[in-house]
Amino acid sequence: MQKAFDPESFESRLYGWWSERGCFRAEDESRKPSFSIAMPPPNITGALHNGHALFVTIEDVLTRWKRMSGFNTLWLPGTDHAGIATQMVVERELAKQGLKRQEMGRKAFLAKVWEWKEKHGNIIVDQMKRLGGSPDWSRLQFTMDPGLSKAVRHVFVTLFEQGLIYRGTRIINWCTRCQTALSDLEVTPTDRKGHFWHLKYVPTGGGEALVIATTRPETLLGDAAVAVHPEDDRYKKLIGKKVKLPLLGREIPVIADSYVDREFGSGALKVTPGHDFNDYDIGKRHNLEIISVFDKTGKVNEHGGVYQGLSIPEAREKILIDLEAQGLLVRTEDHAHSVGVCQRCERVAEPMVSDQWFMNVKPLAEKAIEAARKGEKLTLEEVDKRDDAIKFLPEGWVNTYYQWMENIRDWCVSRQLWWGHQIPAWYCHNGHITVSRDDATKCATCSSTKMRQDDDVLDTWFSSGLWPFTTLGWPEKTKAYERFYPTAVMETGFDILFFWVARMIMMGMHFNDGKVPFKRVYLHAMVRDEKGQKMSKTKGNVIDPLDIIKEYGADAFRFTLSIMAGQGRDVKLSLDRVEGYKAFCNKLWNASRYVLMRLGHVASELPGDPLPKADFQKITGGKPLAEWVSAGRAKFHPINRWILAELDRTIAAVESGLEEFRLNESSQALYDFVWGQYCDWYIEFSKELLQHSEFISETQGVMMHVLEQALKLSHPFIPFITEEIYQHLPERPGVEKGAALMLATFPKRNARTTPEAEQAIEMVAVWKASIEKLRAFRGENNISPKARPKITYEVSDRGKADAFIAGVPVIRALAQLESLEAETGYLRGNPTTGEVLSGTAKFFIPLKGLVDVDGELKRVEKEKQTTLADIEFTKSKLAKPTFIEKAPKELIDKEKDKLRALETRVADLDHALGRLRQLK
RNA sequence: GGGAACAUAGCUCAGCUGGGAGAGCGGCGCCCUUACAAGGCGUAGGUCACAGGUUCGAUCCCUGUUGUUCCCACCA
């Protein structure tokens, strides 16, 4: 092993090695239980960002954990064609060569997109590999693969046959730049500074003009009426009368509708059914004419009179000038309001009336709500066992889901794009529609053979909504489908809860006999920068995950993401943290080197004390280490028993964290164990233990076993470094040479703590406390780390004498003492002796030449003060009659014991103070 | 307008349904001790946003206030 941890030297080598050995493969036929995750397919236009890194990490941790735990594990990867996004990227690319999609024609353009896809579509796949992701790449799917496309058609046609998909003329959101319809979700409300213009509408019969406020004066071209509230006394007499539309002079009626808010503006509303959602509804109620005045490119059409041909902003400007000139503009005020913009290009989305395909999702939504309601009442384990319930994690999201689902509206599924699944509907020259799974050549109504397929494609989310089952070969009843549907968990970002998760649940249940597509939904947080701001190119605060990997290694990055991915919390990515966890990897690396040296399998750099080369065949008598440990651990040295108990505790913590997707808890437990226990204490203890021949082989065995288990336990989080170290481990019974850690068995928690383990934990706790007290004494008194004092001890708790004495050698070693012997009366009472008390023992330290008396006086005085405060606090607690009456007995006894101990302590401190003062 | 989450050490966060607050980074001091200076040891630093309530006891449960963030919604 190299001396320094250098992730670049092994990451890509190991990934290739796993891949060659088929470590990522899931089996269609297997006796093992199944565990499956459908990967949220990244867009083919995407470059790996931190959101991807987070989901790859989380899903890979789960996948690797389940794989090692004996499951036939499928993590199914794929990519999404991402209709608008991809089409825009390719169009931009072509524009550089002076090419336009409209001029090329559909066929040639699509050929270019496919070409682009072949070239760039898998970049993100390679990037996911850099992170160590372990999906079954042999099953990689693309939303426009033939199988999936076939399934999409099947779904569309089936829904059409069921009357759930229909073609209709309705008001929809339209992007004049992308020139396509958008669903409600693809329009993002954005705060914009605008104006409120107050316009005059003059009644035809004369009289006072109506003043109407609008933020969009250009829409007056399409006004079909003016609406007032039926109870509004100001306008009552005008209802049924007509007013003259400014500029155009068309006469429009004044109607009464209770939708109008009397308090808002002037209380009169211009109604433009062709270009406003609410006005469209009002228009329906009053049978108003729908006048569309803008065309698909956002220009005024032939209904706009002299304004025809102007763009919307141009028309607005001109209209305002003209209104002003005619004295019809009463006043203008600033007005901040929210407008819907196209999610992709950020241009203001126009409500327009248009022919589109819609899906009635309400009936599907009801069942999807039902599944979540069931899941809410069940535990995670119960949900895992059935296929009709879904559990949300964090639970709070389920409310957001209900809110949307309960108010769901028909989904506009057609898009006026070329890149995507073309709608399987054909029109004959008589205008009949034929919807068909195969390319229609004959009209179903009139048998005409002059057929033309609908130009439109489906919303990208339509096909991704089918992802969890179409990727398994559905509608064919494939083995993969039988084995892996429903999937275990859907892990993705909350930002696509409605776009994707909700639709998968609806579609999944509808097309799979009510079986949910996944049993758990785990919504992870957003990755933000360290100040909590969204990362964006314009802010310039984007951290490229590939740069992080390059600088700190994939493992350190993964570990950072895991430990920061507390449920539902934002992940504030800070490079300081990544650096800290790289240090953790380095620690693990070096601890492993130490172990290998002590096993004699790596040339020791230590002068002298060569240890025998560990022969595990001999040490364990041919048994696998785990068996040898569980058979013999009760009789091991307390230090070995203790670290095994700590390991058990860690296994339990890691596992329970993983079960509930609390990756932060699992990784924190690993960190604490590896660094805080194994490295800081066990390895230090072992240096002493290995000096005693009777403990050498036992300690070598335990040291090796614990390292191996720790590597297994950490592997899902930090796969590369653990595999690399694992491959350096010496031969041992039960482990095939060259076996991959990735496919090793995940540690199982030990049944329960035995008395022997309890005893060892207690003993080691006493030793650690003694060492810490002695170190603190040295630190506070500025005793040089190089000094090796000779000190003595006296056991204060006779019952624990043996336990304490067994630890004397390690205390001596870790507290850097020349000697630690039983006090024989020589140091006690000597005015130059310092005393350190630690629970069960008292230490006597000759101070002469080591310490300055003033410093020590200060220290003791300070400790006395805090102890006195503690006594005060405890006394007052015990003095309360209500506490004595109502608090549990154990607690009261504990408090009383504590008080006694504190009082003894104060007496000792007074004693020490007296001595020190004498010394002065 | 409706809903949700959050507010704990200088910074980033733990604290898993109540019994005297923890970690990492940063700070300070000492040490290149034979796995690791990407290290070791020690140490400082908190009225757990604020105000009430429940309780013997509240960072934790309830109510309100303030602040931050997010989602949903048709106010022209």
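Throughout, a chain's letter reflects where its sequence line sits, starting with A, and its residues are numbered from 1.
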J.: Taking atom types as they are modelled, is there a donor-acceptor pair under 3.5 Å from the base of C74(B) to the side chain of Y259(A)?
T.: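 Answer yes: a donor N or O sits under 3.5 Å from an acceptor.
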J.: Scan C679(A) against the nucleic acid and name what it touches under 4.0 Å (heavy atoms): base, sugar-phosphate only, or nothing.
T.: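 Since a base atom lies under 4.0 Å of C679(A), the category is base.
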J.: Counting any heavy atom closer than 4.0 Å, what does S592(A) reach on the DNA or RNA strands: base, sugar-phosphate only, or nothing?
T.: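 Counting heavy atoms under 4.0 Å across all strands, no contact is made by S592(A).
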J.: So what's U33(B) paired with, Watson-Crick or G-U wobble, going by both distances under 3.5 Å?
T.: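 U33(B) is paired with nothing.
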J.: If pairing requires Watson-Crick or G-U wobble contacts with both distances under 3.5 Å, which nucleotide is the partner of G1(B)?
T.: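 In the structure as shown, G1(B) has C72(B) as its Watson-Crick or wobble partner.
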J.: Record whether the side chain of Q403(A) comes under 3.5 Å of the base of A73(B) through a donor-acceptor pair of N or O atoms.
T.: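 There is none.
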J.: Determine, answering yes or no, if F873(A) is stacked on G20(B) under the 5.5 Å centre rule and the 30° plane rule.
T.: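 By the stated criterion, F873(A) and G20(B) stack.
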J.: At under 4.0 Å between heavy atoms, what does E684(A) touch on the DNA or RNA strands: base, sugar-phosphate, or nothing?
T.: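 Contact class for E684(A): base.
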J.: Counting distance alone, no hydrogens or angles: does the base of G40(B) have a donor or acceptor under 3.5 Å from a partner atom on the side chain of K587(A)?
T.: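 Donor-acceptor pair under 3.5 Å: no.
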J.: For R775(A), report the nucleic acid contact type (base, sugar-phosphate, nothing); a contact means any heavy atom under 4.0 Å.
T.: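 Sugar-phosphate contact only - R775(A) comes under 4.0 Å of backbone atoms but never of a base.
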J.: Please give the nucleotide sitting opposite A7(B) as a Watson-Crick or G-U wobble pair, both distances under 3.5 Å, or none.
T.: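 Pairing partner, where one exists within any strand: U66(B).
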J.: Distance check, P atoms only: A51(B) and U59(B), in whole angstrom units.
T.: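 Comparing P positions in A51(B) and U59(B) gives a spacing of 12 Å.
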J.: Aromatic rings Y678(A) and Y682(A): how do their planes relate, parallel, tilted or perpendicular, breaks at 30° and 60°?
T.: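 Rings of Y678(A) and Y682(A): parallel, under 30°.
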J.: Looking only at atom C1', what distance separates U8(B) and G2(B), rounded to whole Å?
T.: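 The answer is 30 Å between these two C1' atoms.
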J.: Which whole-number value in Å describes the distance from D281(A) CG to C74(B) C1'?
T.: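 Answer to the nearest Å: 8 Å.
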J.: Would you check if there is a donor-acceptor pair between the side chains of T874(A) and K896(A) at a distance under 3.5 Å?
T.: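 T874(A) and K896(A) do not have a side-chain donor-acceptor pair below 3.5 Å.
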J.: Would you say C36(B) has OP1 or OP2 under 4.0 Å from some side-chain N or O of K3(A)?
T.: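 Yes, K3(A) has a side-chain N/O under 4.0 Å of OP1/OP2 on C36(B).
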J.: Pairing check on A23(B): which nucleotide meets the Watson-Crick or G-U wobble criteria with it, both distances under 3.5 Å?
T.: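 Pairing partner, where one exists within any strand: U12(B).
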J.: Identify whether any heavy atom of I212(A) sits under 4.0 Å from a base atom; if not, whether one sits that close to sugar-phosphate; answer base, sugar-phosphate or nothing.
T.: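 Touches nothing.
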J.: Using heavy-atom distances to pick each residue's nearest nucleotide on RNA chain B, tell me which of Q668(A) and W675(A) is more 5'.
T.: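 Closest to the 5' end, via its nearest nucleotide, is Q668(A).
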J.: Just name whichever nucleotide pairs with C60(B), Watson-Crick or G-U, keeping both distances under 3.5 Å, else none.
T.: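 Per the H-bond distance test, none.
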J.: Send over the distance from N399(A) CG to G2(B) C1', rounded to a whole Å.
T.: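 In whole Å, G2(B) C1' lies 13 Å from N399(A) CG.
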J.: So, D672(A) and Q668(A): side-chain donor and acceptor under 3.5 Å apart, yes or no?
T.: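 A pair is found: one side chain offers a donor N or O, the other an acceptor, under 3.5 Å apart.
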J.: Side chains of S183(A) and E186(A) only: does a donor on one sit below 3.5 Å from an acceptor on the other?
T.: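 Short answer, yes.
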J.: In Watson-Crick or G-U wobble terms, both distances under 3.5 Å, what is the partner of C48(B)?
T.: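 In the structure as shown, C48(B) has no Watson-Crick or wobble partner.
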J.: For C56(B), does the base pair up with any side-chain atom of K880(A) as donor and acceptor (N or O, under 3.5 Å, distance only)?
T.: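 It does not, because no donor-acceptor pair links the side chain of K880(A) to the base of C56(B) below 3.5 Å.
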J.: Is it true that Y522(A) and H524(A) have ring centroids separated by less than 6.0 Å?
T.: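 Between H524(A) and Y522(A), which both carry aromatic rings, the centre distance is not below 6.0 Å.
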J.: For K898(A), report the nucleic acid contact type (base, sugar-phosphate, nothing); a contact means any heavy atom under 4.0 Å.
T.: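 K898(A): base contact, heavy atoms under 4.0 Å.
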J.: Taking only the P atom of each, what is the distance from A7(B) to A49(B) in whole angstrom?
T.: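 A7(B) and A49(B) have their P atoms separated by 8 Å.
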J.: Name the orientation class of the two ring planes belonging to H728(A) and W589(A) (parallel below 30°, tilted from 30 to 60°, perpendicular beyond 60°).
T.: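 Plane angle over 60°, so perpendicular.
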J.: Can you check the distance between G15(B) and C61(B), where both ends of the measurement are the P atom (answer in whole Å)?
T.: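 Straight-line distance between the two P atoms is 12 Å.
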J.: Mapping K786(A) and D672(A) onto RNA chain B by nearest heavy atom, which one lands closer to the 5' end?
T.: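 Of the two residues, D672(A) wins.
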J.: At under 4.0 Å, does any side-chain N or O of K894(A) touch on OP1 or OP2 of G20(B)?
T.: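 Checking K894(A) against G20(B): no side-chain N or O falls below 4.0 Å of OP1 or OP2.
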J.: Heavy atoms under 4.0 Å, any strand shown: does D870(A) hit a base, just sugar-phosphate, or nothing?
T.: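 Base, at least one base heavy atom under 4.0 Å.
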J.: Y401(A) and F498(A): aromatic ring centres closer than 6.0 Å?
T.: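 No, the ring centres sit 6.0 Å or more apart.
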J.: Is it the case that G57(B) (base atoms only) and T882(A) (side chain only) share a donor and an acceptor within less than 3.5 Å, ignoring hydrogens and angles?
T.: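 Counting by modelled atom types and ignoring angles, no donor-acceptor contact under 3.5 Å is found here.
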J.: Taking the minimum atom-to-atom distance to the side chain of Q816(A), which one of U33(B), A38(B), G19(B) wins?
T.: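 Nearest to the side-chain atoms of Q816(A), counting from C-beta on, is U33(B).
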J.: Considering every strand and a 4.0 Å limit on heavy-atom distances, what is the contact class for Y671(A): base, sugar-phosphate, or nothing?
T.: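 Touches sugar-phosphate only.
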